[in-house]
Amino acid sequence: MRGSLLVDNIGELVTNDIGGEGGPLGIRRHAAVLVEDGQVAWVGPARDAPAADRRLDAEGGAVLPGFVDSHAHLVFAGDRAAEFAARMAGEPYTGGGIRTTVGATRAASDDELRDTVRRLRGEAMRQGTTTIEIKSGYGLTVADEARSLRIAAEFTEDTTFLGAHVVPAEYADRPDDYVGMVCGPMLAAAAPYARWIDVFCERGAFDVDHARAILACGQAVGLGLRVHANQLGPGPGVQLGVELGAASVDHCTHLTDADIDALASTGTTWVSGFEPTTVATLLPGAEFSTRSPYPDARRLLDAGATVALATDCNPGSSYTSSMPFCIALAVREMRMTPAEAVWAATAGGAAALRRNDVGRLARGARADLMILDAPSHLHLAYRPGVPLIRQVLHNGVPQCRL
């Protein structure tokens, strides 16, 4: 729908315009937002709002930037509910279940995989997520990794090649050969559909030497770097990510003081126009679903590290597409304030994707926003599990009223 759209009667506007007033969230009251051609054209006092072709009444609800989910695994087939039930009965998560999903994904048709991505992407959108990163990693053959990314690219511009998720069963005794394939024909087939490359640097997955080699190969063909790091225990993944200038190191459940210092040393946030950082992306849905210790977000924030929140949506260890749920977990279990958690789920996710067109509501940003059925962002953590997202705009286009 063409023409301008004015969003007004806003109870609280979260802009994430940290260069202005309103604290870390850039909160404005009695404000309005003008949208034109899919972008934010104006933000200011409602009394000064310019004329527009159409009006969207926020009915006193809070308006926030759309969530930016910077870590999700949506291209898969199969179900691991039985694994979840067993784990809740006391069996620890080891990562071995990934191979179960690999088998189901290889056997699925393109349309079956596409339908799963479409369903989960729609689920996320209804909960306020307007930008989402989607990884491969459940194919682990040249053809299956390439088709996973090709399908993911139909739904997002932030696609990540994760051929280095685990070593598949057929290469269990030949990990060096598998790394050679990831760096060679698999990367060549996947790169045209990918913006990023990722590696699971963890015991039971890829050691630091293999991880370094894989990331270097991806960087050489122009892919940005991401790292699954320090999820199952202390390890070298965080330090490797910082050393190589990765946009994000994800999980960060087990961090040493040196890890935190390294993350803090990379600087402030990309979104406000400063130098790129290595963001610590925390995934509390994984800890919830595996009964593992939660990351200590407070230590990271107090040290000056940039923190993002993401869902890690996947069929084995975090089968949620809900960023509001992750915000509530971050506040309750990771000692984040509600404002810090909302920032991490919006501007923090944008920083983890090195994007300054999303995660904020300022002139020139993409017109991605949500309207809450609540007067303040505080309600996202204050009322966990309640469907508070009343309306979502994506690229300036209202989605169906929720």
Side-chain angles (χ1 to χ4, degrees), residues 38 66-81 83-84 97-166 168 182 185-198 200 223 226 228 283 285 310-323 349 353 355 358 366 368 389 392-395 397 399-400 402:
F67 295 127
V68 181
D69 187 350
S70 60
H71 185 128
H73 307 252
L74 305 189
V75 189
F76 66 86
D79 180 280
R80 284 159 62 187
E83 176 187 317
F84 172 79
I98 291 171
R99 293 189 177 94
T100 302
T101 302
V102 169
T105 302
R106 289 176 178 179
S109 69
D110 285 10
D111 284 343
E112 288 170 330
L113 296 178
R114 186 175 290 110
D115 286 347
T116 296
V117 179
R118 182 180 293 110
R119 172 176 60 83
L120 293 171
R121 182 68 189 94
E123 219 177 69
M125 181 77 76
R126 290 191 295 274
Q127 296 171 93
T129 297
T130 50
T131 301
I132 194 165
E133 179 259 18
I134 302 177
K135 304 179 189 294
S136 66
Y138 290 124
L140 309 187
T141 67
V142 171
D144 285 306
E145 285 296 293
R147 75 162 176 154
S148 292
L149 287 162
R150 174 172 48 79
I151 290 168
E154 297 174 14
F155 297 89
T156 184
E157 55 200 285
D158 279 295
T159 53
T160 299
F161 170 46
L162 184 58
H165 200 180
V166 294
V182 170
M186 188 181 286
L187 175 60
Y193 307 105
R195 182 183 176 207
W196 303 96
I197 187 170
D198 197 346
F200 193 9
L223 301 183
R226 320 186 73 73
H228 281 60
L283 310 169
T311 64
D312 191 20
C313 183
N314 76 83
S317 60
S318 183
Y319 202 6
T320 180
S321 57
S322 175
M323 290 290 277
L353 295 175
R355 294 183 59 172
V358 296
R366 201 165 76 180
D368 288 353
I389 313 301
V392 176
L393 266 67
H394 180 49
N395 287 322
V397 178
Q399 310 300 299
C400 58
L402 307 176

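Just so you know, residue 1 is the first one in the sequence shown, and it goes up from there.
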Taking all atoms of both residues into account, what is the closest heavy-atom pair of [X] and [Y], and its distance?
| X | Y | answer |
| --- | --- | --- |
| Val117 | Phe155 | CG1-CD1, 3.4 Å |
| Ile134 | Ala152 | CG2-CB, 3.7 Å |
| Arg106 | Leu140 | NH2-O, 3.4 Å |
| His394 | Thr130 | CE1-O, 3.1 Å |
| Ala191 | Leu223 | O-CD2, 4.3 Å |
| Glu123 | Ser321 | OE1-OG, 2.6 Å |

Inset, instruction - For Phe84, check ring pair (Phe, Tyr, Trp, His ring centres under 6.0 Å) against everything at least two apart and list the hits. - result: none
Legend entry - Flag for Ser70-Arg226: side-chain donor and acceptor within less than 3.5 Å: no
Is any side-chain heavy atom of [X] less than 4.5 Å from a side-chain heavy atom of [Y]?
| X | Y | value |
| --- | --- | --- |
| Ile132 | Leu74 | yes |
| Tyr193 | Ile151 | no |
| Asp144 | Arg147 | yes |
| Met186 | Phe161 | yes |
| Thr116 | Arg118 | no |
| Arg126 | Gln399 | no |

Give a yes or no answer on whether the side chain of [X] reaches the backbone of [Y] with a donor-acceptor pair at less than 3.5 Å.
| X | Y | value |
| --- | --- | --- |
| Glu133 | Thr159 | no |
| Thr105 | Ala77 | yes |
| Asn314 | Gly316 | yes |

[X] side, atom [atom1]; [Y] side, atom [atom2] - distance, nearest 0.5 Å:
| X | Y | atom1 | atom2 | value |
| --- | --- | --- | --- | --- |
| Leu353 | Trp196 | CG | CH2 | 6.0 Å |
| Glu83 | Ser317 | CD | OG | 8.0 Å |
| Asp198 | His165 | CG | NE2 | 8.5 Å |
| Asp110 | Asp115 | CG | CG | 11.0 Å |
| Ile389 | Phe67 | CD1 | CZ | 5.0 Å |
| Cys313 | Leu120 | SG | CG | 5.0 Å |

Inset, instruction - Determine the interplanar angle of the His73 and His228 rings, folded into 0 to 90°, and report it as parallel if under 30°, tilted if 30 to 60°, perpendicular if over 60°. - result: perpendicular
Inset, instruction - Could you point out which residue of Thr131, Leu393, Val68 forms a side-chain contact (heavy atoms from CB on, under 4.5 Å) with Asp368? - result: Thr131
